[in-house]
Every structure is written in C-alpha cells, then in structure tokens.
Amino acid sequence: MRFAARYILQEWWFALVLPRIGLGAFARRGRPARFARIAARFHALAVDLGGLMIKVGQFLSSRLDVLPPEITSELESLQDEVPPVPFEAIRQLAEAELGVPLDRAYASFDRDPVAAASLGQVHRARLAPDDSVQAGFADVVVKIQRPGIDEIIDVDLRALRRIARWLARVGFIAQRVDLPALVEEFAVTSRQEVDYLHEAAGAERFAAAFADDPGVEAPVPAWERTTRRVLTLSDVTAIKISDHAGLRAAGIDPHEVAEALAAAMFDQLFRDGFFHADPHPGNIFVTPRPDLARGWALTFVDFGMMGQIPDTLRTGLQKLLIAVASRDGKGLVAAISGMGVLLPSADEAQLEQAMTELFARFGGMAISDLQNVDPREFEDFAQRFGEVLRSMPFQLPENFLLVIRAASVTSGVCSALDPQFNMWKAVEPYAQELIRNQGKDVVRDAAQQALSWVRVTAALPQRIDRLVTLLESGHLRADTPAIDRRMNRLERTARRAVSAVLFAGLLIGGILLHPSDAVFGTVLMSVSALPLLHALFAGIGGRGRS
C-alpha cells in the first residue's frame, strides 16, 4: 500500500499539477521512462513479497486495454518462481490434509520439489499399490499449498481492494475501468486457484471436452489422495513445448506444434466456452505418441486458472473472429460493441477508421513480417490514432480478461515455436468453419441487412427533403462528441489561464504595495491564493466527464 500511495501521488503530480502550470510537455516527455521505472520497481516488490503479488503482476501484464506498453512489457517477464518451503513444513500440511502419514499415503515421495511457486509447490511421488490399482496409474505429481497462504491471500486482497477504492475516486480512471469490479474478478480467480478440488474438477472437465481428440490430453486426478490443499495427479511430464531442441530430437516439427496449439486454444475459446486461461510454456508438454498419426499429443497441466464464457459472449467472440479473418474493421468494432466492451460514449466512427487502416496495412502479417516494417510506419499510425485508441472507454465483460490473456499467451508461445507462424492464417480456417456451421444465421442476417437497406432506401427521399429544409432554415446541427470534448477542454483551459493571470496580478500588486501599505499588500497576496487554486485544480472532477 505504501508503494501504491507513493506512485499514485507521483502520477497525480505529473498528470494533474504540472500541466496546470505550463509543464505538461515536460511531464509527457518523461512518461515512458517513468512508467518503465515504476513497473521495474513493482517487479522487484512482487518477487520480494510473493503471495498474490506475482499473480497481480502477471494479471496486469495482460491489461493492454488499461496500461501502457512500458508497464505491460516489463511485467511479462515476471515468473512465479520462489524459494521452496522446507520439506518438514510441507510434510505437516500434507499429513494434516490427508489424515495419514506421508509414507502410508504414498509408496514413495520425493523430498525435493519439481517446482516451487508463490501459492504452492510440486513433488513427484508414487501411489501405494492399492491406490494405483484403483487409479489406473502409479507415478504421480503432488501439488501442496504453501503453509499460511490463505492468510497471505486475505491480506493481499484487502490491500488491493483499498487501493482500487483510492483509484476509483479519480475521474478519468473511473471512466475507463471499474477497478473494484476488476479486483473482485481477480479475487475469485485467485481463490479458485488455491482450491485444488476446483483444479481437479477442471482437469476432468478439460479432458472430457477433448475426449474425441486423442491429440490433446490432461492429467488424471487421484481423488483418494486429493483435498482442497493437496492435489495428486498422474505424472504426464514430457517435452516442454518451449524445448525446441528436445522437440527436434524427437522428430517433432515445432511449426506443426504451433498450429496444433492454436487450434486447441481456438476450440476452447470459440467452441466449448471453457478454456485454459494460463497456457504458458510451463503448462504445456508435447508427449510422443507413436500410436497417433502425427506421432505426438499436446498435454496441458495446471487447471487452477480456467475461464468460462457465457453463450452470449461466445457468440460475440465468434463474430469478432470472423471480422478479424475477413479484415473487416467495421465488423470488428460492431462485434466488440455488441459484447459490451465499448461504453456508449465511445466514438465508434474514429475507431472503425483506425481498425480499417490497421487491417489494410498490417493485416495478414506474421510476427516476423512486422519486425521488418519501417518503425516510422508504426509511429505514423500511433500519432494518427494513438489518442483515439487510448481514449476509448472500455468495460470488459466478466471473464473477458482471461480470454485476452489466453489469446495473447498463445500467440506468444506459437511465435516462439515458429517465428514465421501467422495467427491470421490460423484464424481463417476456423472462421470459415464458423460461417459454414452458422449458414442459416448468416443467411438470416443477410436478409435482415437487405431489409434494412430497403427501408433506408424507401425513406431516403423524405430524409433528403428534411435535410434541405433544415439547411434553408439555418437549423442544421452536427452532433460531434469529439469536438465537444475538445471545446470543453479549451474552455476550462481558458478559464484557468484567466485565473493564472489574475493570480499573477494580485500577487505582484501585493508585493509592490507591501512596503507602503503592509496590511493591504498582505491582503492582496493572500487573496491571490484563490485564483491560484482554481488555475491548478479546476476541472479535476470534470476531467473524466470530458
């Protein structure tokens, strides 16, 4: 909380105070470096505190809609790796949860952890003979919570809720994002992640969704040795998806792996509506399977962070996918608006223009192609549309953040597997399949659109006649929200400028009169504080409304 308070006050000074005394350009020039320093210091703080703070950093790294790239790029490297808990503490917690000594619960148990994270750590073990017969496997991995993690999460969430309430009082932040609601969504996700019964159920549901696809696998829970704080799963350790040398040594083409991963994630996001929200390289293995035609399978692990997409949102995502595949800027804006992502105050016309130009110039390019584009082209696009994109009032629907995270992490993993990997090409076949499967809906939508065109055409003569009448009478009025906002800002700036001049006049007058008339001079200098306060702080409350 001290960290948050310090940098909230710092940004208040740079973003609100300095521009009101003519130093706005100075504050803007130093903003990227300032944000990068804040992110680097939070990175260090998160590693030091552990608990939920590493998860907070990873959570924020996907908030491209709210945070600038200087912050998200720094936080992307935040890894959930912390020193392991001493084995005796782990033993005590596991035995208390399972109700039996560890050497009775398992035939063998490796004291050295395979991995240690901020919420728990993983050990290899082997089931007792009776349990292995019942489960159908013997080799397992056992995930055990860090002792005291529930209390740490409680403290972390209380701090985050208080900070969110602080920031929610700032107008321009409250207009763009509902921070208290965002923290509550994060709280639900975090609670689910430390409930290992929830994770075990997620693994089973994931496996059921891909029951007809032997190329996608998941570990099987050993329910007899699973509780809310201890999770026992079949050991599915294989080649890490990021181990390029290991894949090639096994005769597996990384390009094919990238395509298979993209297809598996699209199936989850757009077909099932139940998806793995954290598909980073540590959570996906490539398992050699000679019995399969392609010779290997994708094996997902760690189902603590799963997303659920309501039917209405999944329909919107399908429309979004079709718009992206067809490079349709207008359709893309309509899709995200229909999902409730854009608030009614958004200037959709400007966003449509930006998306259309973005598709026209960069659509269809692979990551490697984008790296060869002249940086001045990106700068030109940013200068023309950067303010439009940053000023868009977003309100993300429930679980949409997890969709963004899953899609962005998948894109990164696929591009690392194959620098020539083109997400656009991966999207297009899936979008075509959606169009075929929804043929009746497409025909119906086309018919409705045609009917709409007929109605517009029929009403066109009457509307033209009204327009001519308004022009002749001089009553034509244009509704331009963007211009209105700029005019409001100009008016407030002008009022503050008048206050600044008045302040200077009163202050200088008081100083000049003070030697001859100390009382009157002092009064003038004191009164000058009123226009100074107006010049500095007028409009803070209305800033978010402009």
Side-chain angles (χ1 to χ4, degrees), residues 49-56 58-59 80-128 131-132 134-135 137-158 160 186-207 218-237 276-278 282-283 300-306:
L49 291 180
L52 279 186
M53 290 302 106
I54 290 176
K55 299 294 181 184
V56 170
Q58 294 171 339
F59 181 85
D80 196 359
E81 292 290 337
V82 297
V85 176
F87 179 71
E88 286 308 314
I90 286 293
R91 176 201 289 275
Q92 290 176 14
L93 188 147
E95 292 181 345
E97 281 291 303
L98 296 173
V100 294
L102 212 57
D103 55 6
R104 285 183 54 194
Y106 302 95
S108 64
F109 195 96
D110 191 346
R111 297 172 64 95
D112 298 323
V114 177
S118 57
L119 304 183
Q121 64 189 48
V122 179
H123 294 255
R124 279 199 173 90
R126 190 172 180 84
L127 290 176
D131 291 337
S132 63
Q134 183 175 351
F137 49 84
D139 293 327
V140 294
V141 292
V142 184
K143 190 173 180 179
I144 303 171
Q145 276 187 20
R146 294 179 79 91
I149 193 61
D150 285 332
E151 292 77 9
I152 293 173
I153 290 175
D154 286 340
V155 172
D156 289 346
L157 288 177
R158 285 203 302 273
L160 290 172
F186 176 73
V188 170
T189 302
S190 301
R191 291 294 185 192
Q192 289 177 346
E193 197 164 356
V194 293
D195 182 352
Y196 290 163
L197 293 174
H198 172 83
E199 182 173 346
E204 285 195 335
R205 183 174 174 184
F206 180 92
V220 179
W223 286 104
E224 292 297 318
R225 292 292 177 252
T226 294
T227 70
R228 196 182 76 82
R229 296 182 178 182
V230 176
L231 172 62
T232 304
L233 298 164
S234 58
D235 189 352
V236 293
T237 306
H276 196 300
D278 195 20
N283 286 341
F300 287 76
V301 299
D302 194 349
F303 299 91
M305 188 183 296
M306 302 297 292

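Counting only distance, with no hydrogens or angles, the side chain of T232 and the backbone of A222 share no donor-acceptor pair below 3.5 Å. Using a distance-only test at 3.5 Å, with no hydrogens or angles considered, a donor-acceptor pair links the side chain of Q121 to the main chain of V85. For D278 (side chain) and N283 (main-chain N/O), no donor-acceptor pair under 3.5 Å exists by modelled atom type. Side-chain N or O atoms of R104 include none that pairs as donor or acceptor with a backbone N or O of A128 at under 3.5 Å.
Distance CZ/F303 to CZ/R205: 12.5 Å, rounded to 0.5 Å. In this structure, I153 CD1 and K55 NZ are separated by 10.0 Å, a value rounded to the nearest 0.5 Å. The NE2 atom of H276 lies 6.0 Å from the CE atom of M306; values are rounded to the nearest 0.5 Å. L52 contributes atom CG, which lies 6.5 Å from atom CG of L119 (distance to the nearest 0.5 angstrom). Atom CD of Q92 sits about 11.5 Å away from atom CG of L102, to the nearest 0.5 Å. To the nearest 0.5 Å, atom CG of residue L127 and atom OG of residue S108 are 9.0 Å apart.
Shown here for E193 and E199, the closest heavy-atom pair between the two residues is O-OE1, 4.4 Å. Heavy atoms only, all atoms of each residue included: L98 and A105 are closest at CD1-CB, 4.0 Å. Looking at every heavy atom in both residues, G120 comes nearest to Y196 through CA-OH, 4.0 Å. Scanning both residues, L231 and A200, for their nearest heavy atoms gives CD1-CB, 3.7 Å. Of all non-hydrogen atoms in A94 and V230, the two that sit nearest each other are CA-CG2, 3.9 Å. Among all heavy-atom pairs drawn from Y106 and A125, the shortest one is CD2-CB, 4.0 Å.
Under the 4.5 Å side-chain criterion, counting only non-hydrogen atoms from C-beta, F109 is not in contact with D103. R191 is not listed as a side-chain neighbour of V188, based on a closest heavy-atom distance of 4.5 Å or more. Residues V142 and R225 fail the side-chain proximity criterion, which asks for heavy atoms closer than 4.5 Å. Side chains of H123 and R111 form no contact here, defined as non-hydrogen atoms less than 4.5 Å apart. Residues I149 and R229 have side chains not in contact (no heavy-atom distance under 4.5 Å, counting atoms from C-beta outward). Using a 4.5 Å heavy-atom threshold, the side chains of L233 and P221 count as touching. R228 places a side-chain heavy atom less than 4.5 Å from the side chain of D150. Put simply, the side chain of E97 does not reach to within 4.5 Å of the side chain of I144, judged on heavy atoms.
The only member of D139, D110, T237 that meets side chain to side chain donor-acceptor pair (under 3.5 Å) when paired with R124 is T237.
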